[in-house]
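Below is one structure, written out as structure tokens, with a few remarks after it.
Note on naming: letters A, B, ... go to the chains in the order of the sequence lines (proteins, then strands), and numbering restarts at 1 for each one. Note that these values count all heavy atoms, side chains included, but never hydrogens, waters or copies made by symmetry.
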Amino acid sequence: TQLLEQSPQFLSIQEGENLTVYCNSSSVFSSLQWYRQEPGEGPVLLVTVVTGGEVKKLKRLTFQFGDARKDSSLHITAAQPGDTGLYLCAGEGSGNTPLVFGKGTRLSVIA
Amino acid sequence: ETGVTQTPRHLVMGMTNKKSLKCEQHLGHNAMYWYKQSAKKPLELMFVYNFKEQTENNSVPSRFSPECPNSSHLFLHLHTLQPEDSALYLCASSQVATKGGYTFGSGTRLTVV
């Protein structure tokens, strides 16, 4: 069974601070996705990374896929209250198998 | 209406009741999923349908019964549930083999009393 470990589990920071959350596994994934989920809603896709070492930027969010395609990180620069939410990473194995999700990092950005 | 729509948004049911959750997608996707989200646990995959055919059942108890009448609609029929089945049930859809990610509905918050 492929498992994804996310850290930290909870993070509370002040507006304007930078932060990094991590997603780690002992398994290799063909792709890895990051989602953000707000209270009362379903997860919303932020990015998909496919190539080992790939870096993608989405405004103040930077996503990196590890060289071995076993881990990923999400870095947020100058966090804002609107960034508050549950950040989930999800890995896709080979052969179009369904996504496996981590438990998530719950981020709270205080104004 | 676009995206993935789930109804009802909230449901309270007794352990002897029978109810159904509904999911509808207007994205032209060819795969649909049911996930269970509980506190302190990762999203748990329950069922997968590819082109209306069930391709995965992750050891889900028989008190949960999925139905996929066409590629746009997915149901989850519930009967004789237990209090520990209380959770957020999320439906998602995707286009297989495109790396396009999943589109989730807003979920049904289920409480079993």
Q. When rounded to the nearest 0.5 angstrom, what is the spacing between CG in A/L107 and CD1 in A/I13?
A.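 Result: 5.5 Å between the selected atoms.
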
**Q.** Point-to-point distance, once rounded to the nearest 0.5 Å, from OG of B/S94 to CG of B/N30
**A.** 6.5 Å

Q) Relative to the ring of B/Y35, is the ring of B/Y102 parallel (under 30°), tilted (30 to 60°) or perpendicular (over 60°)? A) tilted

Q) Of all of B/R9, B/E44, B/H10, B/Q6, which one pairs up most often with chain A through heavy atoms under 4.5 Å apart? A)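 Heavy-atom pairs under 4.5 Å are most numerous for B/R9.
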
Q. With respect to chain A, which residue among B/A31, B/G101, B/G107 yields the maximal number of heavy-atom pairs within a distance under 4.5 Å?
A.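 Most heavy-atom pairs within the cutoff with chain A belong to B/G101.
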
(Q) Please find the pair of heavy atoms, one from A/S31 and one from A/T48, that lie closest to each other, and give the distance. (A)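 Residues A/S31 and A/T48, closest heavy atoms: CB-CG2, 4.2 Å.
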
Q: Could you pull out the closest heavy-atom pair between B/P8 and B/L21, with the gap in Å?
A: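 Looking at all heavy atoms of both residues, the shortest contact is CD-CD2, 4.2 Å.
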
Does any backbone or side-chain atom of [X] lie under 4.5 Å from a heavy atom of chain B? Answer side chain, backbone, both or neither.
X	answer
A/L46	neither
A/Q6	neither
A/Q33	side chain

Q) Does any heavy atom of chain A fall under 4.5 Å from the side chain of B/L45, the backbone, both, or neither of them? A) side chain

Q.
Please determine whether side chain to side chain contact (heavy atoms under 4.5 Å, CB included) holds for the pair B/H79 and B/F64, giving the CA-CA distance in whole Å, both sets of side-chain angles, and the decisive distance to 0.1 Å.
A. CA-CA 7 Å; B/H79 64 98; B/F64 295 91; over 6 Å; no

Q: Determine the option with the most heavy-atom pairs under 4.5 angstrom with chain B, choosing from A/P43, A/G102, A/S30, A/A90.
A: A/P43

